[in-house]
Every structure is written in C-alpha cells, then in structure tokens.
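Report on the structure given below.
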Amino acid sequence: MLAKTLVLALASTALVAAHGKVAVVTGDAGGNGTALAIKGGIVPGAGKNSKTEVDTTVFQKTNILSDGLGRTTGSGKNTLAMLNQTMALSGSTLPQVSAGGSLSGVFHIVTTDGAGPIVAVLDTTGTGKFSNGTLLKTVTQIPGNKGNIAAPKQRSLLSRALVAAGIVKRAANVNEDFPMKFAVPAGTTCTGTAGGQTGVCLVKIANSNKAGPFGGVVAIQIASSGSAAAKRAETFRA
C-alpha cells in the first residue's frame, strides 16, 4: 500500500525538463569537435538545473528526421555561425571520418531526462535539413530507457523501476559521461560550408524524450583518401 501511494504521489508531481548534451566528438581519421552552442568548462557539471543545463540543445520534435539545429537556453536558436565558437573550443580541425569510418564521442547526461537511447542522423548538405538525412548505425549506445535514467543517488531497485516506467521524471542532477559511437556509410560526400570550412556534413545526435528531446548538432568532414589522417585511420584499422 505504501509503495502504491508513493507511485501515485510521484506520478502527480509536476514534470520538469532535463538535459543531455554532446560534449565532444572525434573522427576515426582525427580531428575534434563538440556540439553547436556548447560553452565548455564555464558550465558546471553539478548544481542547480538553471546553471548546468544552459548549453544543452533542445529540439522541437522527437522525430530525429526533422529539420533544424535546435536551441539552448543560454544562447537561443542555434546557427551555423556558432561553428566558429565551437572550433575555438575544440581545435581548427573538424572531426575527420574516413570512408566507411566512424564518429565517436562523449555524451554528457546532465539531468535525469537527458539519457539514452540516442540516435544520430547525418545531413550531407550541412544545412540542418535532417528530414532528408541518413540514419547512422549506432555502434556504442549510452544508458537510459526512453530518455530517462535514475540519478546516482536514486539508483535503488524501486527508483530504477519508476524511471523505467516513465513515472519519475524529476530533473535530478546526474553529471555523468558515457561513450557513444556511430558508423558513417562509405561513399558519404559532404557539401556544406560553415565556419570557413568547406565539405561539411552535420550530424544531429539526440534522444527522443518528450520533455526535450535533448542532444546536439556537430559538424564533420570526410577525410580524403590521400590525406595523412585517412592513411592513419587505415593503418589503425589494419
């Protein structure tokens, strides 16, 4: 009876949006990047939601195949012009993906509604036209159930059951990093231009939590077959 009362009380609690974000990405042929609008180390990992969630991208639709770059509470609507700021944080070389290679990185679960599973879609035009994009195969998935995960201090058997059932959606701080990896199809050609870079593709990475969805958009390039980076990737795979 007590458990039933607890469940009903939690179910009636006002739902609060939570967040997860793309902290860093690397290509199998080199390069580094992060999501548009990420502010780096000035955003705390733990603390009040109003402080930790400011650079997490929120998308309008749970369907990953929907257009747009999303927005953050700290910077407003995401734009391609933000790539300059992104590169100032992560380096002058965008993630380089070899033919049939992969994109790896770290997904930072900020709060309890910002978890997995996550999905990625690639836009070869580099414009945010993800409705015409290509879904990428997920090689390494992050934890979560329908975008929810229990906070570290709430991971009792009962808490996990409530999270799995979608009942507990209070935005408790999680502040944990998890690896992610996606395969990029061979034959991909990037045609976008942004941040003074040509041959740019955009990759949208997000969960499907109805409170968001949450994630980020990253820019990548395909390493040319003759480049030093591509050769290093081939040597590594061999």
Side-chain angles (χ1 to χ4, degrees), residues 20-38 40 57 64-65 69-70 80 82-109 115-130 132-144 176-207 214-238:
K21 62 186 179 183
V22 178
V24 63
V25 287
T26 59
D28 68 304
N32 296 281
T34 190
L36 298 177
I38 290 291
T57 293
I64 192 74
L65 295 172
L69 304 178
L80 287 177
M82 291 177 175
L83 185 57
N84 290 314
Q85 177 186 351
T86 298
M87 295 178 71
L89 289 173
S90 57
S92 59
T93 302
L94 293 176
Q96 304 291 302
V97 178
S98 62
S102 60
L103 181 69
S104 302
V106 172
F107 194 92
H108 183 76
I109 299 180
I118 53 174
V119 182
V121 58
L122 181 143
D123 163 34
T124 59
T125 70
T127 61
K129 193 72 173 178
F130 296 109
N132 294 330
T134 301
L135 287 172
L136 301 184
K137 178 182 177 182
T138 303
V139 179
T140 302
Q141 182 61 268
I142 71 168
E176 291 185 339
D177 292 330
F178 295 94
M180 61 181 177
K181 185 175 182 179
F182 303 96
V184 178
T188 297
T189 300
C190 300
T191 61
T193 300
Q197 305 291 309
T198 59
V200 173
C201 284
L202 295 180
V203 179
K204 174 182 178 182
I205 302 170
N207 68 13
F214 307 107
V217 174
V218 300
I220 70 169
Q221 292 173 314
I222 302 300
S224 64
S225 59
S227 69
K231 290 178 179 178
R232 286 197 299 270
E234 287 296 330
T235 300
F236 177 77
R237 285 203 295 268

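Computed from a predicted structure; not experimentally measured.
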Side chain to side chain contact (heavy atoms under 4.5 Å, CB included) between V218 and T34: does it pass, once the steps are laid out? CA-CA 6 Å; V218 300; T34 190; 5.9 Å; no
L36 vs Q85, side chain to side chain contact (heavy atoms under 4.5 Å, CB included): CA-CA, chis, key distance, verdict: CA-CA 8 Å; L36 298 177; Q85 177 186 351; over 6 Å; no
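Distance CG/L202 to CD1/I220: 9.0 Å, rounded to 0.5 Å. Note that OG1 of T138 is 9.5 Å distant from CD1 of I205, once rounded to the nearest 0.5 Å.
If you check the side chains of N32 and T26, you find no donor sitting under 3.5 Å from an acceptor.
Just one residue in the list V119, V184, I64, V121 forms a side-chain contact (heavy atoms from CB on, under 4.5 Å) with L136, and that residue is V184.
Taking 4.5 Å as the limit, some side-chain heavy atom of I38 sits within range of a side-chain heavy atom of K21.
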Run the side-chain donor-acceptor check on residues 123-130: report pairs under 3.5 Å with partners two or more places apart or on a different chain.
unit_1	atom_1	unit_2	atom_2	d
D123	OD1	T125	N	3.0
D123	OD1	T125	OG1	2.6
D123	OD2	T125	OG1	3.2
D123	OD2	G126	N	3.2
D123	OD2	T127	N	2.8
D123	OD2	G128	N	2.7
D123	OD2	K129	N	3.3
T125	OG1	T127	N	3.4
T125	OG1	T127	OG1	2.7
K129	NZ	D67	OD2	3.3

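Taking the side chain to side chain contact (heavy atoms under 4.5 Å, CB included) definition, one finds that N84 meets it with nothing, sequence neighbours left out.
Here side chain to side chain donor-acceptor pair (under 3.5 Å) pairs that include residues 185-207, with residues two or more places apart or in two chains, are S66-K204.
Judged by distance alone, with hydrogens and angles left aside, the side-chain atoms of Q141 form a donor-acceptor pair with the main-chain N or O of I118 at under 3.5 Å. Panel note: side chain D28, backbone S102; a donor-acceptor pair is recorded below 3.5 Å.
In terms of heavy atoms, H108 sits closest to A23 at CB-CB, 4.3 Å.
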